[in-house]
Structure formats: C-alpha cells, structure tokens
Student: 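Below is the structure I would like to discuss, written out as structure tokens.
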Amino acid sequence: MKADLHNHSYYSDGVLSPRELVKLASKAGCDLFSMTDHDTTNGITEAELEADKVGLNTVNGVEISAFWRNSAIHIVGLGIDIENDMLQTGLEFNQNLRNERAKKIALGLWRSGIKDPLEKAHKISGGHMLTRTHFAQMLIQEGYCKDIRSVFRRYLSGRKPGGVSVEWKDFEEVIKWIQSAGGKALIAHPFRYRMTYTKIKKMLNEFKDAGGDGLEVVNANSSEEEISLGNQWSEEYDLLASVGSDFHGWPNQRVQIGNLADLPNNSRAIWSYL
Ligand code: AMP
Ligand code: MN
Ligand code: MN
Ligand code: MN
C-alpha cells in the first residue's frame, strides 16, 4: 500500500496547485492520497476533479492548528465532509486568526527595517492564505537569511521581530470539528514539537482521552527510531497510524510525494478505518 496522506497546495503554504499535486501523486504511483492544507479545504474540489480524471484514490483532508497546554500542534483530519458547518465554522475561526497574525508579523518585520513585508508575502502566496512559510520564503528571497530553519529561528518565532503568539483552540475542540464532519483526527508529525518523549506521550495519552483517533507514524523525514517509537505509541495508546510526507513543493525542501517508509504494523493503518 503506497499512501501519502499529508500534502500542501498553494491554498495554504505549498507551491503547487491541487491539480498539479494530484498529477504528481498519480505519477509517483500512490494508491491513496490526501491533500491536507492548513486550516482550509478550498482546494479539495479541484483536487477531486483531477483525481477522478487520472483515477487516483483520495480522501478529503485538512491540517488544523490547535493547542495542547498552550503549545501549538497540528491535527490532521482525514475523510472529512467539506460541507460540514461545524468544521467550516472552525476553519473560518482559524483563518481569521491567521489574517490577524499575518498583519502583526508584517508590522514586526517592518519595525525591524524590512520594507513592505505584507505586500511581498502576498506576492509569494499568489493572494491565497498567508502563512509563516510565505514570510520565511520572502525573507530568504530578500537575502535576510539563507535557509528556512534559520529564518524561522531568527525572525518568525518567540520574541523575534515576526514572532507572534496565536491562541488556537484546544485540541478537544478541533477533534470535534473533524469528527462532526465524519473524519478521523490525527496528531501530525509528533516529533516536530520540541517536546521530550515523555511530554509527547503525555500529549498522546490526553489526545486519546479526548477522543482523538491516531497519529502520524511515518513522515518524509522520520528516522527509524521515530517510526519504531511512533508505532509503539500507537499500540500503547490505542491510536491508528498514518503516513504522510508533508510535501510542500518548495525548492529548498527535498521531500517527495509518495516516497515514504512502510508502516511497521499494518493492522493499525488509518486506511482500513476511513
Ligand atoms: P504556520 O502554520 O503559518 O504557523 O506555519 C507553519 C508552517 O511553517 C509549518 O507547517 C511548516 O510548513 C513551516 N515551518 C515551521 N517551522 C519550520 C522550520 N523550522 N523549518 C521549516 N519549516 C517550518
Ligand atoms: Mn506547512
Ligand atoms: Mn504541520
Ligand atoms: Mn503539513
């Protein structure tokens, strides 16, 4: 089973259109694909049309920003009905937070001497939703930083010029948005939150208690140790296991669609439950 259930189009912070993404997934030989833009389902219809054309199996997806104990985390929703009111009201709430945040980021960058940050970031996003990735790419293009890691560290986090805190909804609520739309809620990329293993396990335990469904066990950059731990935790906390590259298509990221390690334990695979 070649699945890739975590990808971004230019409706959030990816580079490609939904149509181009689906074509790539099909070329890569994916058996199952999901486009999971940050806090929006606006690209899904376009992706579905192309998937029908090329005969690619897909599930509707989204990646929602949430809080667990005041840490920002990402919850992937798979198999969602994109017409669902509760889900769309939640996504609109997050889109508003993102708009407000983008203005504050731009103000902070402007104060540190960067000219027209909002206009420049909009140009990169093609007028679609603004994310921190767009500010990051803008700062790299303008020569302020040479790579994505340093730009986040030096400009877009904590007390740095474009560091803005956002109060996302707690994950209990985000799980409800996803499940009321008939979807499964999964913790995305558990190793990317700067948490100790003990803290990640605490989060997974509380996620399960809150009714969460699963976690991503395999990402494009997962080490063998991470895959093995993720698999162990999915068993320990009775959570389903997902697989997704988190492909964005930026030239400075080497991730490819559909190029992922196998799940160690297929009996917990999310696709049997969608
Ligand atoms: P946002 O959702 O607007 O807060 O932007 C977060 C997105 O920025 C993530 O989904 C990643 O795509 C990207 N991102 C965040 N931190 C980093 C980092 N250190 N290196 C590369 N990309 C990052
Ligand atoms: Mn992203
Ligand atoms: Mn994410
Ligand atoms: Mn993502």
Side-chain angles (χ1 to χ4, degrees), residues 4-16 21 34-40 43 61-68 70-78 91 93-106 108-109 117-118 121-122 124-125 128-140 144-158 160 162-169 171 174 178 185-195 200 203 214-222 230 242-255 257:
D4 191 338
L5 306 178
H6 186 155
N7 290 271
H8 296 272
S9 79
Y10 61 36
Y11 282 89
S12 63
D13 58 349
V15 174
L16 303 179
L21 267 185
S34 186
M35 194 180 76
T36 52
D37 276 314
H38 294 285
D39 300 315
T40 179
V62 66
E63 181 176 16
I64 306 183
S65 308
F67 255 5
W68 174 65
N70 295 324
S71 291
I73 60 159
H74 287 170
I75 310 292
V76 164
L78 294 176
L91 295 181
F93 177 86
N94 278 16
Q95 287 159 19
N96 285 332
L97 284 183
R98 284 182 168 281
N99 284 335
E100 293 308 309
R101 180 180 65 165
K103 286 184 223 158
K104 289 182 194 160
I105 291 174
L109 294 177
L118 198 59
H122 264 303
I124 291 178
S125 78
H128 294 287
M129 172 201 277
L130 273 182
T131 69
R132 285 190 300 165
T133 311
H134 297 108
F135 286 101
Q137 296 293 340
M138 181 273 282
L139 290 166
I140 292 170
Y144 289 98
C145 275
K146 65 175 192 329
D147 61 53
I148 191 104
R149 280 178 74 113
S150 60
V151 82
F152 269 90
R153 199 174 53 235
R154 285 169 52 192
Y155 284 93
L156 297 169
S157 53
K160 299 299 158 61
V164 177
S165 56
V166 188
E167 279 202 35
W168 306 107
K169 293 288 187 192
F171 69 23
V174 170
I178 293 168
L186 304 113
I187 300 249
H189 42 65
F191 295 98
R192 223 183 289 160
Y193 301 121
R194 275 199 256 154
M195 294 180 191
I200 301 173
M203 170 173 72
L215 79 152
E216 277 179 356
V217 169
V218 178
N219 264 132
N221 299 315
S222 305
S242 188
V243 166
S245 61
D246 207 0
F247 176 83
H248 287 72
W250 293 99
N252 38 23
Q253 297 179 332
R254 275 172 299 184
V255 174
I257 294 185

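First listed ligand is number 1; within each ligand, the first listed atom is number 1.
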Student: With sequence neighbours excluded, tell me which residues meet salt bridge (charged side-chain N to carboxylate O under 4.0 Å, His left out) with Arg101.
Tutor: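 If we apply the salt bridge (charged side-chain N to carboxylate O under 4.0 Å, His left out) test to Arg101, skipping adjacent residues, there are no hits.
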
Student: Specify whether an N/O/S atom of His189 falls short of 2.8 Å from the Mn ion (ligand 3).
Tutor: yes

Student: Can you give me the OE2-the Mn ion (ligand 3)-ND1 angle for Glu63 and His74, to 10°?
Tutor: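 OE2 of Glu63 and ND1 of His74 make an angle of 90° at the Mn ion (ligand 3), to the nearest 10°.
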
Student: Distances for all N or O pairs of ligand 1 and the protein under 3.5 Å?
Tutor:
residue  : atom   : partner : partner atom : Å
ligand 1 : 2 (O)  : Arg98   : NH2          : 2.7
ligand 1 : 3 (O)  : Arg98   : NH1          : 2.9
ligand 1 : 3 (O)  : Arg101  : NH2          : 2.6
ligand 1 : 3 (O)  : Arg132  : N            : 2.9
ligand 1 : 4 (O)  : Arg101  : NH1          : 3.0
ligand 1 : 4 (O)  : Arg101  : NH2          : 3.2
ligand 1 : 4 (O)  : Arg132  : NE           : 2.9
ligand 1 : 4 (O)  : Arg132  : NH2          : 3.3
ligand 1 : 8 (O)  : Thr133  : OG1          : 3.1
ligand 1 : 10 (O) : His38   : NE2          : 3.0
ligand 1 : 12 (O) : Asp13   : OD2          : 3.2
ligand 1 : 12 (O) : His248  : NE2          : 3.1

Student: Taking the side chain as everything from C-beta on, heavy atoms only, tell me whether His128 gets closer than 4.5 Å to His134.
Tutor: no

Student: Does a salt bridge link Arg192 with Asp246, judged by any charged N lying under 4.0 Å from a carboxylate O?
Tutor: yes

Student: Taking the six-membered ring of Phe93, is the NZ or CZ of Lys169 close enough (under 6.0 Å from the centre) and on axis enough (within 45°)?
Tutor: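 Because its charged atom sits under 6.0 Å from the ring centre and within 45° of the axis, Lys169 does stack over Phe93.
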
Student: Should the ring pair Tyr144 and Tyr155 be called parallel, tilted or perpendicular, given that the plane angle runs from 0 to 90° and is split at 30 and 60?
Tutor: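 Judged by the thresholds at 30° and 60°, the geometry between Tyr144 and Tyr155 is perpendicular.
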
Student: Quick one about Glu63 and His74 (side-chain donor to acceptor, distance below 3.5 Å, no hydrogens or angles considered), yes or no?
Tutor: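 Indeed, the side chains of His74 and Glu63 share at least one donor-acceptor pair under 3.5 Å.
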
Student: When you compare the side chain of Val243 with that of Leu5, does any pair of heavy atoms fall below 4.5 Å?
Tutor: no

Student: Give a yes or no on whether His248 keeps an N, O or S atom under 2.8 Å from the Mn ion (ligand 2).
Tutor: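 Checking His248: at least one N, O or S atom is under 2.8 Å.
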
Student: Which value, rounded to the nearest 0.5 Å, describes the distance between Met203 atom CE and Tyr193 atom OH?
Tutor: 6.0 Å

Student: What N/O/S atom of Asp13 is the closest to the Mn ion (ligand 2)?
Tutor: OD2

